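Here the structure is laid out as structure tokens; the discussion comes afterwards.
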Amino acid sequence: MKLKGWKDLTPGSVILEGGNAVQFKTGSWRAFRPVWKKENCIHCLFCWIYCPDMAVNVKDGKMMDFNYDYCKGCGICALECPGKKGQTAIEMVEEGK
Amino acid sequence: MATGLTLKELSKKEELLTHGHRMCAGCGAPIAVKMVLLATDYPVIAANATGCLEVSTCISEYTAWKIPWIHTAFENAAATISGVETMFRSLKKQGKIDGNVKFMAFGGDGGTYDIGLQSLSGAMERGHDMLYVCYDNGAYMNTGIQRSSATPMGADTTTCPAGSIIPGKPQKRKNLTKIMAAHNIPFSAQASPSHWTDLMKKVKKAHEIKGPKFLNIIAPCNRGWRSKTNDAIMLSRLAVNTCYWPLYEIEDGVTKITYTPKEKKPLVDFMKPQGRFKHLFAPENAELMKILQEQVDSDWEKLKRESECG
């Protein structure tokens, strides 16, 4: 990426486009990847509410998948997942394996 | 639930803090902020004191905020948002602007308990219509874990390192929620991201009250607390269940405990997973451990008495 010169920047470096951090993908930070086991999911959405990176996709109140472009692999979702009958619906798997 | 606070309903709302921010993996602060913004049903303008949250959510040309957001220095988030709120009132009076906008400030414990305390105290005393949210991670995590006045007694930080001279921070932490309530403001409360319904109810309540409000949220920091990346919610839950971080609110001088743990857990449960308390488990620090538990017990008993008196 070519850096902007001072003439290209807005006065006071004001950012005019809110939420443009989505252009910066943080998924490459991840060492462990959460893997969703659909069959054990009760759609409680705890993973969604507790995710610090807003990396859980939910549609119509149902868990859809993880957004690996942004997930940093902290593992909070896997720890908080109640699962079904003691079977967790989220497992952390080492990247590259 | 009559409050509309079900995760199913909330998940349909737009998230006003986006992904792509650069807080560490497993940080508690963005979870707290996301919950606060999810509970906000009004247009909102926020100021942010310097701290982890400020520097990591707005790096160079990127911002993770979808709301008008102002970066301020460490010491003046409350002063900045007071100015914005005053300008809004003035423009409204002149008929140049209309609407119901809420004003918020975010700050870490460094920017709130220590450096920003004078401006916060001033804003609270002047009675600006604003909600100040402090995410308390118990040290200056952004600059490398220096002690703050929110650091718990006995915690190891880089400026009160545990060793043969001192067993971590020698002083007790400050109770800012009560200091804020002592400003005779209409609402001052403590919340935890693990108890999200309680947190969001407090935010909703605060937005309906006119005048200065203060909300203190515990935000575990796995780098500074020397814990794992996946335990922010678990640790904040333990903080509540050990009564280290009781959930309560002080509305117009009346104290109310909003959540009483079913079974009060010993403080060691909260401390054990955290490396910053590791040295306290050595036999020579057994006495200090006892003192820390006694402090939590007496603070909890005191809070219960205050809550009963109303």
Side-chain angles (χ1 to χ4, degrees), chain A residues 1 3-4 8-10 12-34 42-64 66-81 90 92, chain B residues 5-35 37-38 53 56-71 193-194 196-197 199-200 219-222 228-237:
Chain A
M1 190 182 73
L3 290 176
K4 284 182 182 171
D8 309 316
L9 295 169
T10 51
S13 286
V14 168
I15 303 168
L16 300 170
E17 189 192 347
N20 67 350
V22 295
Q23 293 165 26
F24 191 92
K25 296 187 175 169
T26 51
S28 60
W29 296 17
R30 197 170 54 241
F32 286 86
R33 174 176 77 243
I42 56 165
H43 300 280
C44 63
L45 306 187
F46 284 177
C47 52
W48 170 78
I49 192 72
Y50 292 138
C51 177
D53 290 298
M54 285 56 86
V56 179
N57 293 330
V58 172
K59 203 182 161 193
D60 298 325
K62 298 261 186 218
M63 155 77 176
M64 300 305 285
F66 288 107
N67 190 337
Y68 292 119
D69 280 351
Y70 302 98
C71 169
K72 292 169 190 160
C74 66
I76 290 180
C77 54
L79 190 72
E80 296 302 322
C81 178
I90 302 169
M92 298 306 287
Chain B
L5 282 177
T6 62
L7 292 181
K8 208 172 169 176
E9 287 304 312
L10 288 166
S11 68
K12 291 173 187 161
K13 290 178 83 172
E14 185 190 11
E15 277 168 319
L16 297 171
L17 183 73
T18 67
H19 39 225
H21 67 70
R22 281 174 258 182
M23 304 290 276
C24 304
C27 174
I31 311 177
V33 172
K34 147 184 169 170
M35 289 176 179
L37 292 176
L38 271 173
L53 182 69
S56 312
T57 53
C58 190
I59 294 182
S60 183
E61 292 168 56
Y62 298 104
T63 177
W65 300 79
K66 283 192 178 170
I67 57 170
W69 179 92
I70 316 157
H71 153 63
S194 57
W196 56 269
T197 327
L199 187 152
M200 290 193 194
C221 164
N222 55 61
K228 292 182 187 151
T229 60
N230 64 357
D231 53 15
I233 298 299
M234 183 197 91
L235 284 175
S236 54
R237 190 178 293 123

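Just so we're on the same page: letters track the sequence lines, and every chain starts at 1. Since the structure is predicted, the reported quantities are computational estimates derived from the model, not experimental observations. Scope of the values below: all heavy atoms of this structure, side chains included, with no hydrogens, waters or symmetry mates.
For a residue to count as touching a neighbouring chain, one of its non-hydrogen atoms must lie under 4.5 Å from one of that chain's; by this rule B:L10 touches chain A with backbone and side chain alike. Looking at B:T57, neither its backbone nor its side chain comes within 4.5 Å of chain A, counting heavy atoms on both sides. Residue contact with chain A, scored on non-hydrogen atoms closer than 4.5 Å, involves the backbone and the side chain of B:K66 alike. Neither the backbone nor the side chain of A:D69 has a heavy atom closer than 4.5 Å to any heavy atom of chain B. Contacts between B:R22 and chain A at a heavy-atom distance below 4.5 Å involve backbone atoms as well as side-chain atoms. Only the side chain of B:L38 comes within contact range of chain A, with heavy atoms under 4.5 Å apart.
The heavy-atom pair separating A:K72 from B:M23 by the smallest distance is NZ-O, 2.6 Å. Counting all heavy atoms, side chain and backbone alike, A:P52 lies closest to B:P30 at O-CB, 3.5 Å.
Once rounded to the nearest 0.5 Å, the distance linking CD1 of A:I76 with NZ of B:K228 reads 13.5 Å. To the nearest 0.5 Å, atom CE of residue A:M64 and atom OG of residue B:S11 are 11.5 Å apart. Annotation: the span from B:K34 atom NZ to A:M54 atom CE amounts to 6.0 Å, rounded to 0.5 Å. Atoms CG and CD1, on A:L79 and B:I233 in that order, are 9.5 Å from each other to the nearest 0.5 Å.
Counting only heavy atoms from C-beta outward, the side chains of A:D53 and B:H21 approach each other to under 4.5 Å.
Between chain B and the residues A:G75, A:G61, A:G19, the largest count of heavy-atom pairs under 4.5 Å involves A:G19. Looking only at heavy-atom pairs under 4.5 Å with chain A, the residue among B:C24, B:A25, B:P68 that has the most is B:A25. Between chain A and the residues B:I31, B:T63, B:I70, B:T18, the most heavy-atom pairs under 4.5 angstrom are made by B:T63. In terms of heavy-atom pairs under 4.5 Å with chain A, the best-connected choice from B:K8, B:E15, B:E9 is B:E15. When the candidates A:A55, A:G73, A:A21, A:C77 are compared by the number of heavy-atom contacts under 4.5 Å with chain B, A:A21 comes out ahead. Among A:D60, A:V14, A:V58, A:I15, the residue with the largest count of heavy-atom pairs under 4.5 Å with chain B is A:I15. Top candidate by heavy-atom pairs under 4.5 Å with chain B, chosen from A:S13, A:C74, A:G18, is A:C74.
With sequence neighbours excluded, the residues that form a ring pair (Phe, Tyr, Trp, His ring centres under 6.0 Å) with B:H19 are A:Y70. The salt bridge (Lys or Arg N to Asp or Glu O under 4.0 Å) test applied to A:K59 returns no partner, not counting sequence neighbours.
Residues of residues 43-51 of chain A that come within less than 4.5 angstrom of chain B, heavy atom to heavy atom, are A:C44, A:L45, A:F46, A:W48, A:I49, A:Y50, A:C51 in numerical order. When the heavy atoms of residues 24-31 of chain A are compared with those of chain B, the residues falling under 4.5 Å are A:F24, A:T26, A:W29, listed by number.
Few gaps surround NZ on B:K13; more than 12 heavy atoms of other groups in view lie less than 6.0 Å from it.
The backbone N or O of B:E61 lies less than 3.5 Å from a partner atom in the side chain of A:N20, making a donor-acceptor pair.
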